[in-house]
Trainee: 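So that we are looking at the same thing, I have put the structure below in structure tokens.
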Amino acid sequence: VVATADDLTIIGRLDVVCAAFDRFKERCSAEALTVRPSKSSLCWPRLDPPAPPVVIEAAAQRQLTLRQGGLQILGVYIGADAASAAGDLADAVQSQEPLLQALQHEDMPRQHAMAILRVCAVPCLNYKMRCVLPSVSKAGLRDFDGRVQKVLTDKMDLMPLSATGAVEVTLPLSAGGLGLRSLERTACAAYVTSFLQAKAEVRSMLPNAPVTMEELRVCHADILAAGAEVSDIWPPTIAEVLLAASEQPAEAAPRSRWNPAALFVQSVVGLNAWLQRGIFRRLLAVVVFTGASLGLSWVLFPKVEYLP
């Protein structure tokens, strides 16, 4: 039994689930609370074979909606029906379209649009990306990445991005990129980390639950492929961390080449962080910059004669 806020999920054999639900309903009645059957479901988590008559009867007796293949729990589709899970993710991608369209409005400043795109729009699918199998979510995430890049090119009046340019804009700001992280490229890493975090909890609740590692092996292969794709620009640190945590030995990742843009951004960010640590430093910076500008102006000021 897992309870989150006002959502209750009961997992187990049919007889155990029905008994627990009936007892929960009785206790709610004793506390003057009502369980709404229209918002409750009984899930048969398989597509083949279909739900047997005893499951259909148990759902009908309790006025519960019978769902086969999976159902949506806490905002994400869970179950064996990959098509429904992919459709749920596609709906989530489409729901972000009004925000993406608003960012392209002519009255929206470009600097504000890029900040909102990076901080608000890109992370909106993080939760679903951590809960849905990468093999199911990649198509929808690829569509979302394309929409983000379209907002970037349209808002900044750019030509369509090349393969290298599409990778560079996904890099962090400290690496000279725009911080528009590719959800398709990070889907495997997000799912693996979520899986490893939840594995202990799942084992404690369901000791006999089959937890296959095959999906993790596929994810590792995809992570390595993505790391090799961007290795010339940014080292595949995600692949290093995940492979180091696994039982497979991790190979040394190639070092990234010297990047002038990244060095410039890191220098500016580091100088700004140093100046923010004290008022005296900021005053000193104002005096130095003002003095330097006045000095250069005096040195470079052209010699002119006064004509009466």
Trainee: Would you indicate whether the side-chain heavy atoms of Leu100 and Glu97 approach each other to under 4.5 Å?
Mentor: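 Sidechains of Leu100 and Glu97: in contact.
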
Trainee: Please say yes or no: joined through hydrophobic side-chain contacts below 4.5 Å, possibly via intermediate residues, are Val148 and Val167 part of one cluster?
Mentor: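 Unlinked, Val148 and Val167 end up in two clusters.
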
Trainee: Leu152 and Leu161: side chain to side chain contact (heavy atoms under 4.5 Å, CB included), yes or no, with the steps?
Mentor: CA-CA 10 Å; Leu152 171 65; Leu161 299 177; 4.1 Å; yes

Trainee: What's the spacing between Met129 CE and Leu141 CG if we round to 0.5 Å?
Mentor: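 Output value for this atom pair is 6.5 Å.
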
Trainee: Could you check whether atom CD of Gln111 has more than 12 heavy atoms from other residues, nucleotides or ligands sitting under 6.0 Å from it?
Mentor: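 Open: at most 12 neighbouring heavy atoms sit under 6.0 Å from CD of Gln111.
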
Trainee: Does Tyr127 OH have over 12 foreign heavy atoms under 6.0 Å away?
Mentor: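 Yes, because the 6.0 Å sphere around OH of Tyr127 holds more than 12 heavy atoms from other groups.
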
Trainee: Contact between Tyr77 and Val132 at the side-chain level, heavy atoms closer than 4.5 Å - yes or no?
Mentor: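 Sidechains of Val132 and Tyr77: no contact.
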
Trainee: Look at the side chain of Arg62 and the backbone N and O of Ala58, then say whether any donor-acceptor pair between them is shorter than 3.5 Å.
Mentor: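 Answer holds: yes.
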
Trainee: Got Ile73 and Thr9 here, is their nearest side-chain heavy-atom distance under 4.5 Å?
Mentor: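 They are in contact (side-chain heavy atoms under 4.5 Å apart), so the answer is yes.
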
Trainee: Do the side chains of Lys138 and Glu184 get close enough for a salt bridge, i.e. N-O under 4.0 angstrom?
Mentor: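 A salt bridge is absent here (no side-chain N lies under 4.0 Å from a carboxylate O).
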
Trainee: So do the side chains of Phe21 and Leu8 get within less than 4.5 Å of each other, counting heavy atoms only?
Mentor: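 Result no, sub-4.5 Å side-chain heavy-atom pair not found.
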
Trainee: With no hydrogens and no angle check, is any side-chain donor or acceptor of Thr290 less than 3.5 Å from a backbone partner on Val287?
Mentor: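 Answer holds: no.
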
Trainee: Are Arg46 and Gln68 side-chain neighbours, meaning at least one heavy-atom pair lies under 4.5 Å?
Mentor: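 In short, these two side chains do not touch, never coming nearer than 4.5 Å.
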
Trainee: Grab the two heavy atoms, one from Leu64 and one from Ser40, that are nearest each other, plus how far apart they are.
Mentor: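 So the two residues come closest at CD2-CB, 3.5 Å.
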
Trainee: Is there a path of hydrophobic side-chain contacts, each under 4.5 Å between heavy atoms of I, L, V, M, F, W or Y residues, that connects Val76 with Leu133?
Mentor: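 Yes; Leu133 is reachable from Val76 via cluster members.
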
Trainee: Measure the shortest side-chain to side-chain distance between Cys124 and Phe144 over non-hydrogen atoms and say whether it is less than 4.5 angstrom.
Mentor: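 Yes - at least one pair of side-chain heavy atoms lies under 4.5 Å apart.
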
Trainee: Run the salt-bridge test on Arg185 and Asp145 with the 4.0 Å N-O cut-off and return the result as yes or no.
Mentor: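 Judged by the 4.0 Å cut-off on N to carboxylate O distance, Arg185 and Asp145 do not form a salt bridge.
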
Trainee: Establish, from distance only, whether the side-chain atoms of Arg181 and Thr170 form a donor-acceptor pair under 3.5 Å.
Mentor: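 No, no side-chain donor-acceptor pair sits under 3.5 Å.
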
Trainee: Rounded to the nearest 0.5 Å, what separates atom SG in Cys131 from atom CG in Leu125?
Mentor: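 Taking SG in Cys131 and CG in Leu125, the distance rounds to 11.5 Å.
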
Trainee: Compare every heavy atom of Gly70 with every heavy atom of Cys43, then report the nearest pair and how far apart it is.
Mentor: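 What the structure gives for the nearest pair is SG-CA, 3.7 Å.
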
Trainee: Where the side chain of Ser95 meets the backbone of Ala92, is there a donor-acceptor pair that is under 3.5 Å apart?
Mentor: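 Yes: the side chain of Ser95 pairs with the backbone of Ala92.
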
Trainee: Are more than 12 heavy atoms from other residues, nucleotides or ligands located less than 6.0 Å from atom CD of Gln276?
Mentor: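 Yes, because the 6.0 Å sphere around CD of Gln276 holds more than 12 heavy atoms from other groups.
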
Trainee: If you draw a 6.0 Å radius around CZ in Arg281, do more than 12 non-hydrogen atoms from other residues or ligands fall strictly inside?
Mentor: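 For Arg281, atom CZ is crowded (more than 12 foreign heavy atoms under 6.0 Å).
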
Trainee: Going from CG on Leu180 to CZ on Arg118, what distance comes out if it is rounded to the nearest 0.5 angstrom?
Mentor: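 Rounded to the nearest 0.5 Å, the CG-CZ separation comes out at 7.5 Å.
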
Trainee: Are Leu89 and Leu183 co-members of a hydrophobic cluster defined by side-chain heavy atoms under 4.5 Å apart?
Mentor: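 Same cluster: Leu183 reaches Leu89 through Ile, Leu, Val, Met, Phe, Trp or Tyr contacts under 4.5 Å.
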
Trainee: If I compare all heavy atoms of Gly179 with all of Leu173, which pair ends up nearest, and what's the gap?
Mentor: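 The answer is N-CD2, 4.1 Å.
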
Trainee: To the nearest 0.5 Å, tell me how far Asp107 CG sits from His112 NE2.
Mentor: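 If we round to the nearest 0.5 Å, Asp107:CG and His112:NE2 are 12.5 Å apart.
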
Trainee: Verify, without hydrogens or angle tests, whether Ser267 (side chain) and Leu263 (backbone) share a donor-acceptor contact under 3.5 angstrom.
Mentor: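 Yes: the side chain of Ser267 pairs with the backbone of Leu263.
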
Trainee: Is the shortest side-chain N to carboxylate O distance from Asp157 to Arg110 below 4.0 Å?
Mentor: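 Salt bridge between Asp157 and Arg110, a charged N being under 4.0 Å from a carboxylate O: yes.
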
Trainee: What about Trp44 and Val54, same hydrophobic cluster or not, with Ile/Leu/Val/Met/Phe/Trp/Tyr joined at side-chain heavy-atom distances under 4.5 Å?
Mentor: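 Yes, one cluster joins them.
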
Trainee: Treating Lys128 as the side-chain partner and Asp88 as the backbone partner, does any N or O pair qualify as donor plus acceptor under 3.5 Å?
Mentor: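 Side chain of Lys128 to backbone of Asp88: no pair is present.
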
Trainee: Would you say the side chain of Met108 lies within less than 4.5 Å of the side chain of Ile116, judging by non-hydrogen atoms?
Mentor: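 The answer is yes; the side chains approach within 4.5 Å.
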
Trainee: For Ile279, does the CD1 atom sit with more than 12 other heavy atoms under 6.0 Å from it, leaving out its own atoms?
Mentor: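 No, the 6.0 Å shell around CD1 holds no more than 12 heavy atoms from other groups.
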
Trainee: If you take all heavy atoms of Ala273 and Arg277, which pair is closest and at what distance?
Mentor: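 Nearest heavy atoms, Ala273 then Arg277: O-CG, 3.3 Å.
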
Trainee: Quick one: do Leu42 and Thr65 satisfy side chain to side chain contact (heavy atoms under 4.5 Å, CB included)? Show the steps, please.
Mentor: CA-CA 6 Å; Leu42 180 62; Thr65 302; over 6 Å; no

Trainee: Can you check whether Val16 reaches Ile10 side chain to side chain, under 4.5 Å on heavy atoms?
Mentor: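 No; the side chains remain at least 4.5 Å from each other.
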
Trainee: Between Leu117 and Met114, is a side chain to side chain contact (heavy atoms under 4.5 Å, CB included) present by the stated rule, with each step listed?
Mentor: CA-CA 5 Å; Leu117 185 64; Met114 291 300 100; 4.1 Å; yes

Trainee: Verify whether one side chain among Arg147 and Gln94 offers a donor that lies under 3.5 Å from an acceptor in the other.
Mentor: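 On atom types as modelled, these side chains qualify, holding a pair under 3.5 Å.
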
Trainee: Identify the two heavy atoms, one from Ala285 and one from Leu275, that lie closest to each other, and give their separation to 0.1 Å.
Mentor: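 Residues Ala285 and Leu275, closest heavy atoms: CB-CD2, 3.7 Å.
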
Trainee: Say you draw a straight line from CD of Glu57 to SG of Cys18; how long is it, rounded to the nearest 0.5 Å?
Mentor: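 It comes to 10.0 Å.
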
Trainee: So, taking the atom named OH in Tyr191 and the one named OG in Ser135, what distance separates them when rounded to the nearest 0.5 Å?
Mentor: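 Interatomic distance, Tyr191 OH to Ser135 OG, rounded to 0.5 Å: 8.5 Å.
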
Trainee: Does CD in Gln63 sit with more than 12 non-hydrogen atoms of other residues, nucleotides or ligands closer than 6.0 Å?
Mentor: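 No - once you tally the heavy atoms of other residues, nucleotides and ligands closer than 6.0 Å, there are 12 at most.
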
Trainee: Under a 4.5 Å side-chain heavy-atom rule over Ile, Leu, Val, Met, Phe, Trp and Tyr, are Val169 and Leu103 clustered together?
Mentor: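 Yes, one cluster joins them.
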
Trainee: Can you name the closest pair of heavy atoms from Ala187 and Ser137 and give their distance?
Mentor: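 Result for this residue pair: CB-OG, 4.3 Å.
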
Trainee: Would Arg130 and Thr193 count as a side chain to side chain contact (heavy atoms under 4.5 Å, CB included) if you check the C-alpha gap in whole Å, the side-chain angles of each, and the deciding distance to 0.1 Å?
Mentor: CA-CA 8 Å; Arg130 288 169 56 87; Thr193 53; 3.7 Å; yes

